[in-house]
Asks: 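There's a structure below that I have some questions on.
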Amino acid sequence: MTPRKVAIKKKAPTEENLFRIPRGMHDILPADQVWWERIDKTARELADFYNFQRIETPILEQVSLFERTVGGDTDIVQKEMYTLKTKGGDFLALRPEGTAPVMRAYLDHGLGSLGQPQKFFYQGPFFRHENPQAGRFRQFYQIGFEIIGGVNDPIYDAQVILIFDRLLKGLKIKNTILKVNSIGCKICRPNYKRQLANYYKRYEKDLCNNCLRRLKVNPLRLLDCKNQNCQPFKEKAPNLFDKICTSCGRHLRAVLEYLDELEIVYELDNTLVRGLDYYSQTVFEFYATDSNIGALPGGGRYDYLAEFLGSKATAAVGGATGVERLIEVMKTQEVKWPSRTPRKVFLVHVGDLAKKKSLKIVEELRSAGIPVGEALGKESVKAQLKQADKQGSVLAIIFGQKEIFEESVIIRDLRTGLQESVILSKMVFEIQKRLKERPVENK
Ligand code: AMP
């Protein structure tokens with residue numbers, strides 16, 4: 001199925017918006033890097049600890065990969081993909097999600113012949129042409145964990161949920177709830193879908209347009225509707241829990257027992273269905289109760305995805321979280337991180353000649369492993385010292401005409417104001433000694 005042609009409202013570029021960032025995209029400014037670095041570090045450490053190996057797939061994939069897997073009638077495929085035709089005639093999409101590309105890579109590279117299951121970790125930018133709003137961007141970052149291959153064992157569902165639970169805890173995000181559901185399998189789901197469709201048909205004239213479309217193309221997604229007017233129908237809809245087959249019921253129970261064992265609190269939510277076609281059995285989503293930004297990590301089992309790609313059925317389970325949403329919640333909850341390691345040593349130059357020689361001194365300190373701050377563009381000593389103070393430095397290395405002549409530097413302790421002249425060849429030793437003498441708490 002090809003993506004539906006969406007009517008494009010062409011806006012005439014004005015001088016004002018010509019050089020603006022595209023709608024729904026965002027810059028990540030230096031002040032925010034501390035959040036990104038913390039998330040990156042926490043995710044990498046978890047991946048390493050739980051044995052998930054990093055995988056990177058291209059930003060561009062064949063459009064057909066997502067049509068086949070995510071589902072031809074999903075919003076992602078119908079409306080949200082950024083697609084392009086190359087000069088060579090390929091029809092490509094900026095990846096809207098990570099699971100299908102990881103499965104494609106698994107199949108392409110014959111990773112099924114290695115020890116199973118294979119556990120993957122990825123992070124990077126994804127693209128969906130959605131309506132931008134809080135927590136919903138057109139370019140957003142995801143961190144994902146996937147377990148592919150081997151047998152369908154509920155312990156892997158629990159393990160994926162566990163790693164996301166630990167990610168949230170590692171990031172000190174509080175007040176989270178985990179919602180879990182089973183959307184059944186090939187055997188029981190069609191039956192449930194039929195019952196659901198029959199139930200909703202009774203209210204056809206009262207449903208929102210989206211639900212009317214869902215009723216025709218994928219009734220399960222009726223349960224996904226957020227429209228206030230459709231909520232009463234959802235509440236009285238046939239209960240999925242009652243309709244899944246014995247095997248899916250057993251599977252769900254086993255996942256929940258593992259979560260109990262891990263003391264991970266969950267809420268069973270029989271209306272949780274998630275938007276993508278490739279899920280079967282377990283689906284899950286984490287939310288922060290004090291934020292209405294939407295789901296944080298979310299995912300589920302997708303044993304049929306490999307089949308959609310023409311391969312044999314392959315057990316698989318995984319999920320992804322939006323990084324911007326994590327940061328938003330961390331900011332709302334005022335999660336505290338130590339700021340970047342302060343540059344404890346700051347180089348202050350006095351005069352042009354000293355400025356010329358200062359880069360060499362910085363290099364000498366760098367090769368001794370001493371991070372050094374500087375404001376080489378500033379000429380006034382006062383302004384440089386002010387900058388040193390702002391950066392939380394404790395020692396200033398002052399270097400001027402006299403020092404060049406004497407091959408020395410002045411080391412000034414910014415906490416006490418005491419200063420001493422030391423010869424250049426002893427500079428590193430004297431700095432290290434002073435840093436050791438009075439360890440200073442990170443500011
Ligand atoms: P999905 O790939 O739709 O299963 O989404 C997984 C997670 O990615 C969601 O639970 C969100 O945390 C995040 N996410 C999905 N779409 C967006 C978006 N447009 N902007 C920001 N985050 C998103």
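Basis for what follows: all heavy atoms, side chains included, without hydrogens, waters or symmetry-related copies. Throughout, residue positions are numbered sequentially from 1 according to the sequence presented.
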Asks: Report yes if the side chains of Arg250 and Ile244 come closer than 4.5 Å at any heavy-atom pair, otherwise no.
Replies: no
Asks: Around Lys378, counting heavy atoms of other residues, nucleotides and ligands shown, do more than 12 lie under 6.0 Å from its NZ?
Replies: no
Asks: Looking at side-chain heavy atoms only, is the closest gap between Glu324 and His26 below 4.5 Å?
Replies: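 Yes, close enough: below the 4.5 Å cut-off.
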Asks: Out of curiosity, Phe145 CZ to Gln123 CD, how far, rounded to the nearest 0.5 Å?
Replies: 8.5 Å
Asks: Please report the interatomic distance OG1(Thr332) to CG(Asn175), rounded to the nearest 0.5 Å.
Replies: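 Between Thr332 OG1 and Asn175 CG, I get 11.0 Å after rounding to 0.5 Å.
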Asks: Answer whether the closest heavy-atom distance between the side chains of Asp90 and Leu60 falls below 4.5 Å.
Replies: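 The answer is no; the side chains never approach within 4.5 Å.
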Asks: Please examine the side chains of Met330 and Ile39, heavy atoms only from C-beta on, and report whether any two atoms are closer than 4.5 Å.
Replies: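 Yes, at least one pair of side-chain atoms sits under 4.5 Å.
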Asks: Side-chain contact test, heavy atoms from C-beta onward, threshold under 4.5 Å: evaluate it for Met81 versus Ile76 and give yes or no.
Replies: yes
Asks: Any salt bridge between Arg44 and Asp48, counting N to O under 4.0 Å?
Replies: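 No.
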Asks: Is there a donor-acceptor pair closer than 3.5 Å between any side-chain N or O of Arg68 and the backbone N or O of Phe308?
Replies: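 Checked: pair present.
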Asks: Please evaluate residues Lys41 and Glu45 with respect to the criterion salt bridge (charged side-chain N to carboxylate O under 4.0 Å, His left out), reporting the C-alpha separation (whole Å), side-chain torsions for both, the decisive distance (0.1 Å), and the verdict.
Replies: CA-CA 6 Å; Lys41 184 165 178 278; Glu45 282 172 5; 3.3 Å; yes
Asks: Of the options Val255, Ile161, Asp260, Asn181, which is the one that meets Tyr266 in a side chain to side chain contact (heavy atoms under 4.5 Å, CB included)?
Replies: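 That would be Asp260; it is the only one of Val255, Ile161, Asp260, Asn181 passing the side chain to side chain contact (heavy atoms under 4.5 Å, CB included) with Tyr266.
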Asks: Any side-chain donor paired with an acceptor under 3.5 Å for Asn292 and Tyr287?
Replies: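 Per modelled atom types, Asn292 and Tyr287 side chains form no pair under 3.5 Å.
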Asks: Whether Glu328 and Arg325 form a salt bridge (side-chain N of Lys/Arg under 4.0 Å from carboxylate O of Asp/Glu) is what I want to check.
Replies: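 Result for this pair is no, no salt bridge flagged.
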Asks: Are there over 12 heavy-atom neighbours, none belonging to Glu406, within less than 6.0 Å of that residue's CD?
Replies: yes
Asks: Run the salt-bridge test on Asp165 and Lys169 with the 4.0 Å N-O cut-off and return the result as yes or no.
Replies: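 Yes.
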Asks: Would you indicate whether Lys356, at its atom NZ, is surrounded by more than 12 heavy atoms from other residues, nucleotides or ligands within a distance under 6.0 Å?
Replies: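 No, the 6.0 Å shell around NZ holds no more than 12 heavy atoms from other groups.
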Asks: Apply the test side-chain contact (heavy atoms from CB on, under 4.5 Å) to residues Glu420 and Arg434: give CA-CA distance (whole Å), side-chain angles for both, the deciding distance (0.1 Å), then the verdict.
Replies: CA-CA 11 Å; Glu420 199 182 335; Arg434 281 166 176 75; 2.5 Å; yes
Asks: Looking just at side-chain N and O atoms, do Tyr278 and Glu97 make a donor-acceptor pair shorter than 3.5 Å?
Replies: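 Checked: Tyr278/Glu97 side chains pair up, N/O donor to acceptor below 3.5 Å.
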Asks: Hey, is CD on Gln231 packed in by over 12 heavy atoms from elsewhere, all under 6.0 Å?
Replies: yes
Asks: Are Thr314 and Tyr106 packed together at the side-chain level, in the sense that at least one heavy-atom pair is separated by less than 4.5 angstrom?
Replies: yes
Asks: Might you work through the side-chain contact (heavy atoms from CB on, under 4.5 Å) test for Phe164 and Phe284, ending with a clear yes or no?
Replies: CA-CA 11 Å; Phe164 282 113; Phe284 69 88; 4.0 Å; yes
Asks: Please verify the inter-ring angle class for Phe127 with Tyr82; under 30° counts as parallel, over 60° as perpendicular, anything in between as tilted.
Replies: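 Correct class here is perpendicular.
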Asks: Any chance you could measure Thr282, atom OG1, to Arg274, atom CZ, to the nearest 0.5 Å?
Replies: 12.0 Å
Asks: For Glu403, is there an ion pair with Lys357 - N to carboxylate O distance below 4.0 angstrom?
Replies: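 Between Glu403 and Lys357 there is no salt bridge, as every charged N stays at least 4.0 Å from the carboxylate O atoms.
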Asks: Could you pull out all residues at least two apart from Asn152 that satisfy side chain to side chain donor-acceptor pair (under 3.5 Å)?
Replies: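 Counting only residues at least two positions away or on another chain, Asn152 forms a side chain to side chain donor-acceptor pair (under 3.5 Å) with His251, Gln281, Arg301, Asp303.
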Asks: Taking Lys234 for its side chain and Leu223 for its backbone only, find out whether a donor-acceptor pair lies under 3.5 Å.
Replies: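 Yes, Lys234 side chain to Leu223 backbone: donor-acceptor pair under 3.5 Å.
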Asks: Give, for atom NZ of Lys79 and atom CG of Asn131, the distance between the pair rounded to the nearest 0.5 Å.
Replies: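 That separation rounds to 9.5 Å.
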Asks: May I ask you to check whether over 12 heavy atoms, not counting those of Arg138, lie within 6.0 Å of atom CZ?
Replies: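 It does: Arg138 CZ has more than 12 such atoms within range.
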Asks: Say whether, by atom type as modelled, one donor and one acceptor occur between the side chain of Gln116 and the main chain of Leu111 under 3.5 angstrom.
Replies: yes
Asks: Nearest 0.5 Å, please: how far is OH in Tyr156 from CG in Leu162?
Replies: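 The distance works out to 14.0 Å.
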Asks: Starting at OG1 of Thr42, measure out to CG of Leu168 and round the result to the nearest 0.5 Å.
Replies: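 Spacing of OG1 (Thr42) from CG (Leu168) equals 11.0 Å.
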Asks: Can you find a pair of side-chain heavy atoms, one from Ile431 and one from Leu395, that are under 4.5 Å apart?
Replies: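 They are in side-chain contact.
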Asks: Considering only NZ, NE, NH1 and NH2 on the basic side and carboxylate oxygens on the acidic side, decide whether Arg253 and Glu257 come within less than 4.0 Å.
Replies: no
Asks: Other residues, nucleotides and ligands only: do more than 12 of their heavy atoms fall within 6.0 Å of CD on Gln133?
Replies: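 Atom CD in Gln133 is packed in, count exceeds 12.
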Asks: If you count the non-hydrogen atoms of other residues, nucleotides and ligands that lie under 6.0 Å from CZ in Phe241, is the total more than 12?
Replies: yes
Asks: For the residue pair Phe121 and Phe52, is the inter-centroid distance of their aromatic rings smaller than 6.0 Å?
Replies: no
Asks: Salt bridge or not for Lys360 and Glu364, using N-O below 4.0 Å?
Replies: no
Asks: Should Glu407 and Ile423 be marked as a side-chain contact (heavy atoms from CB on, under 4.5 Å) after you check the CA-CA gap, both sets of side-chain angles, and the distance that decides it?
Replies: CA-CA 6 Å; Glu407 298 205 347; Ile423 54 168; over 6 Å; no
Asks: For the backbone of Leu424 and the side chain of Lys426, can you confirm whether one donor and one acceptor N or O come within less than 3.5 Å of each other?
Replies: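 Such a contact is absent between Lys426 side chain and Leu424 backbone.
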Asks: Any side-chain heavy-atom pair from Asp32 and Asp27 closer than 4.5 angstrom?
Replies: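 No - every pair of side-chain heavy atoms lies 4.5 Å or more apart.
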